[in-house]
Peer 1: 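Before we start, here is the structure in question, set down as structure tokens.
Note that the structure is a prediction, hence the values are computed from the model and not measured. When reading the values below, keep in mind they use all heavy atoms of this one structure, side chains included, and skip hydrogens, waters and symmetry mates. Throughout, a chain's letter reflects where its sequence line sits, starting with A, and its residues are numbered from 1.
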2 protein chains.
Amino acid sequence: MSQIAAIDGRPLGRRAQQTRRRLLDATYDLLQSHGIRDVRVVEVARQVGTSPATFYQYFRDVDEAVLVLADEAAADVEPIAHLLDEPWNGKGGLDAARALVDGYFRFWDDHRAVMRVRNLAADEGDDRFRDVRNRTLGQVTDRIARSVADNQRAGRVSPDITPYSAAAAMVSMLERMASYHFDLEPRGVTRADLVETTARILHHTVTGRKP
Amino acid sequence: MSQIAAIDGRPLGRRAQQTRRRLLDATYDLLQSHGIRDVRVVEVARQVGTSPATFYQYFRDVDEAVLVLADEAAADVEPIAHLLDEPWNGKGGLDAARALVDGYFRFWDDHRAVMRVRNLAADEGDDRFRDVRNRTLGQVTDRIARSVADNQRAGRVSPDITPYSAAAAMVSMLERMASYHFDLEPRGVTRADLVETTARILHHTVTGRKP
DNA sequence: CCGGGAATCTCACGACCCGTCAGATTATTC
DNA sequence: GAATAATCTGACGGGTCGTGAGATTCCCGG
């Protein structure tokens, strides 16, 4: 993955690594304040106190910088995904579902601007972004699919459901809710309600149980 | 809504309306082939065989043209939303859910590129796009919320669920699944599976029944 | 502590798109 | 078919893009 090297392949010394990191951070900042379409290489450079030409030493374009940020973000999903490693039996199951939903919301709160670009680019067919998305979401999707399959074998989940499809549906729900809960909240729903309800839907879809 | 007028407010004659329509269609086409970030006003104009200055007579920028397209697309959701007007009892309920999911997928297949921009812009805080999204999704969300509330009163849906949150979760699931099913299909899930599974999750969340 | 080679940064440039006029072209009216 | 209104466009200043050649900074051996 993001092997630390300049665009021409040369490995980076200490100074260069610092510059690259500052460029990444500036990209992140500008992404949050302006939308992706208004992030200018010139301004990223300006913010770092360097010149555009420097930017192009490390990244082919703005997207490539965002790709690195998306790749870094993927790591933050790991602890969330591990909430699915234990079966969701009994009372603890619903708690785990709540923690997962809440964790997912937090993850998006931290990486919202980057995730948006990742999803846009992936949806528009950019394979680099598809890969990083698959790698990120896969951590959750695969585990949900496995749990659904387990519960299906135990007769709790309908055999007419496809485990992987259900997992994709749940991740879709999570992603979109996490992405847009702050558009809902001003309209009279609290975050707590959103988390609780989403967690219950998730819990039931995965386990087939009523808590 | 999209009152047909030029940027300076003057109403449009026949020729002007044609030009505007051709510009909208060209915008739609370019949106599909290139991503939003590569849609150049120059090229929209070129495709219509006119000059950039003409484009700016009708739209302040590319976004505004896409906004009109998103507004037009909203109408196509109406028949889908009406599938929620009858309560989802018995066997017909699951069929209605299937039709809704399938309809939603088709809707996205027709308007994918426009919907992507709508969601991006809305997520990035653009109020015009938020409005059109709320107007579009609201048709479905409000009806789902009402159904959930009905079934909740009848004791089939847990009182710990907030109807509006559940509706938002279901619409989120639908949107994202519709938006990215074609990224899943190459990975070994058929569209039929996705529709069936999504429909069952939707059906259960709305009605609280096992079909 | 200093010179020299490697690493890193920047200046300056041609190409292109943006958005806006004033003026040219086309349609409509009488 | 002439006058008037509606519509379109040429041309321009201002900005970003991405690049290569050259300037600057770093760092090591002596």
Side-chain angles (χ1 to χ4, degrees), chain A residues 2-27 29-31 33-68 117 121 124 126 128, chain B residues 2-27 29-31 33-68 117 121 124 126 128:
Chain A
S2 72
Q3 67 284 47
I4 314 287
I7 223 63
D8 57 15
R10 114 185 104 85
L12 300 186
R14 197 186 321 138
R15 186 168 45 141
Q17 288 197 28
Q18 274 178 19
T19 306
R20 195 183 99 112
R21 173 42 54 194
R22 268 190 272 132
L23 287 168
L24 283 172
D25 293 345
T27 303
D29 289 346
L30 288 175
L31 213 50
S33 42
H34 319 50
I36 175 65
R37 287 171 296 165
D38 296 317
V39 175
R40 308 256 162 269
V41 170
V42 200
E43 202 172 344
V44 175
R46 219 185 334 253
Q47 181 139 335
V48 171
T50 184
S51 85
T54 300
F55 182 95
Y56 289 106
Q57 292 230 325
Y58 301 105
F59 311 104
R60 240 173 279 280
D61 50 28
V62 171
D63 274 15
E64 201 170 283
V66 179
L67 184 65
V68 174
V117 179
E124 282 184 350
D126 187 315
R128 303 170 301 169
Chain B
S2 72
Q3 67 283 45
I4 315 287
I7 223 65
D8 57 14
R10 114 185 104 87
L12 299 187
R14 196 184 323 138
R15 185 166 49 139
Q17 288 196 30
Q18 274 179 17
T19 305
R20 195 183 100 113
R21 173 41 55 192
R22 267 189 273 130
L23 287 167
L24 284 171
D25 294 344
T27 303
D29 289 346
L30 288 175
L31 213 52
S33 42
H34 318 49
I36 175 64
R37 286 171 295 165
D38 297 317
V39 176
R40 309 258 163 265
V41 170
V42 200
E43 203 172 344
V44 175
R46 212 175 351 242
Q47 180 140 334
V48 171
T50 183
S51 85
T54 300
F55 182 96
Y56 289 105
Q57 293 228 327
Y58 301 105
F59 310 104
R60 240 174 280 279
D61 50 28
V62 171
D63 274 15
E64 202 171 284
V66 179
L67 184 65
V68 173
V117 180
E124 282 185 351
D126 186 316
R128 302 168 302 167

Peer 1: Drop me the distance from B:Phe55's CZ to B:Arg20's CZ, to the nearest 0.5 angstrom.
Peer 2: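 Taking CZ in B:Phe55 and CZ in B:Arg20, the distance rounds to 10.5 Å.
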Peer 1: Round to a whole Å and report the spacing from CD of B:Gln18 to C1' of D:dA6.
Peer 2: 14 Å
Peer 1: Take the C1' atoms of the five end pairs on each side of the helix from C:dC1-D:dG30 to C:dC30-D:dG1, derive the two axes, and give their angle rounded to 10 degrees.
Peer 2: 10°
Peer 1: What are the two closest heavy atoms between B:Arg37 and A:Val117, and how far apart are they?
Peer 2: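 Taking B:Arg37 first and A:Val117 second, the nearest heavy atoms are NH1-CG1, 4.4 Å.
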Peer 1: For a quick test of your reading: what N or O donor-acceptor pairs under 3.5 Å do the side chains of residues 12-19 of chain B make, sequence neighbours left out?
Peer 2:
unit_1: B:Gln17; atom_1: NE2; unit_2: B:Leu12; atom_2: O; d: 3.4
unit_1: B:Thr19; atom_1: OG1; unit_2: B:Arg15; atom_2: O; d: 3.1

Peer 1: Using side-chain hydrogen bond (donor to acceptor under 3.5 Å, both in side chains) as the criterion, list what pairs up with A:Arg21, not counting sequence neighbours.
Peer 2: A:Asp25, A:Glu72
Peer 1: Identify the pairs formed between an N or O of the protein and an N or O of nucleotides 16-18 of chain C at a distance under 3.5 Å, and give each distance.
Peer 2:
unit_1: C:dC18; atom_1: OP1; unit_2: B:Val41; atom_2: N; d: 3.3
unit_1: C:dC18; atom_1: OP2; unit_2: B:Val41; atom_2: N; d: 3.4
unit_1: C:dC18; atom_1: OP2; unit_2: B:Val42; atom_2: N; d: 3.3

Peer 1: With side chain to side chain donor-acceptor pair (under 3.5 Å) as the rule and sequence neighbours excluded, what pairs involving residues 47-57 of chain A come up?
Peer 2: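 Sorted pair list: A:Arg10-A:Gln57, A:Thr50-A:Thr54.
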Peer 1: Roughly how many Å is it from CG in A:Asp38 to C1' in D:dG15, rounded to a whole number?
Peer 2: 14 Å
Peer 1: Taking all heavy atoms of B:Leu23 and all of B:Ala45, pick out the closest pair and write down the distance.
Peer 2: CD2-CA, 4.5 Å
Peer 1: Starting from C1' on D:dT16, measure out to CZ on A:Arg37 and report it in whole angstrom.
Peer 2: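 Spelled out: CZ on A:Arg37 to C1' on D:dT16 is 17 Å.
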Peer 1: Using the side-chain contact (heavy atoms from CB on, under 4.5 Å) criterion, which residues pair with B:Arg128? Sequence neighbours excluded.
Peer 2: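 B:Asp63, B:Glu64, B:Leu67, B:Asp126.
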Peer 1: Roughly how many Å is it from CZ in B:Arg20 to P in D:dA6, rounded to a whole number?
Peer 2: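 These atoms are roughly 18 Å apart.
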Peer 1: Restricting to nitrogen or oxygen on both sides, can you table the protein-nucleotides 7-9 of chain D pairs closer than 3.5 Å?
Peer 2:
unit_1: D:dT7; atom_1: OP1; unit_2: B:Gly13; atom_2: N; d: 2.6
unit_1: D:dT7; atom_1: OP2; unit_2: B:Arg10; atom_2: NH1; d: 2.3
unit_1: D:dT7; atom_1: O4'; unit_2: B:Arg15; atom_2: NH2; d: 3.2
unit_1: D:dC8; atom_1: OP1; unit_2: B:Thr19; atom_2: OG1; d: 2.4
unit_1: D:dC8; atom_1: OP2; unit_2: B:Tyr58; atom_2: OH; d: 2.5
unit_1: D:dT9; atom_1: OP2; unit_2: B:Thr50; atom_2: OG1; d: 2.2
unit_1: D:dT9; atom_1: OP2; unit_2: B:Ser51; atom_2: N; d: 3.2
unit_1: D:dT9; atom_1: OP2; unit_2: B:Thr54; atom_2: OG1; d: 3.1

Peer 1: For the CD1 atom of A:Ile7 and the CG atom of A:Asp61, what is their distance to the nearest 0.5 Å?
Peer 2: 8.5 Å
Peer 1: Using the ring-ring contact (aromatic ring centres under 6.0 Å, His included) criterion, which residues pair with B:Tyr58? Sequence neighbours excluded.
Peer 2: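 ring-ring contact (aromatic ring centres under 6.0 Å, His included) list for B:Tyr58, sorted by chain: empty.
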Peer 1: For the atom pair CG (B:Leu30) and CD (B:Glu43), what is the distance rounded to the nearest 0.5 Å?
Peer 2: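 Going from the CG atom of B:Leu30 to the CD atom of B:Glu43 covers 5.0 Å.
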Peer 1: Between P on C:dA22 and CG on B:Asp8, what's the gap in Å once rounded to a whole number?
Peer 2: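 Going from CG in B:Asp8 over to P in C:dA22 covers 14 Å.
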Peer 1: Are the side chain of A:Glu124 and the backbone of B:His34 linked by a donor-acceptor contact shorter than 3.5 Å?
Peer 2: no
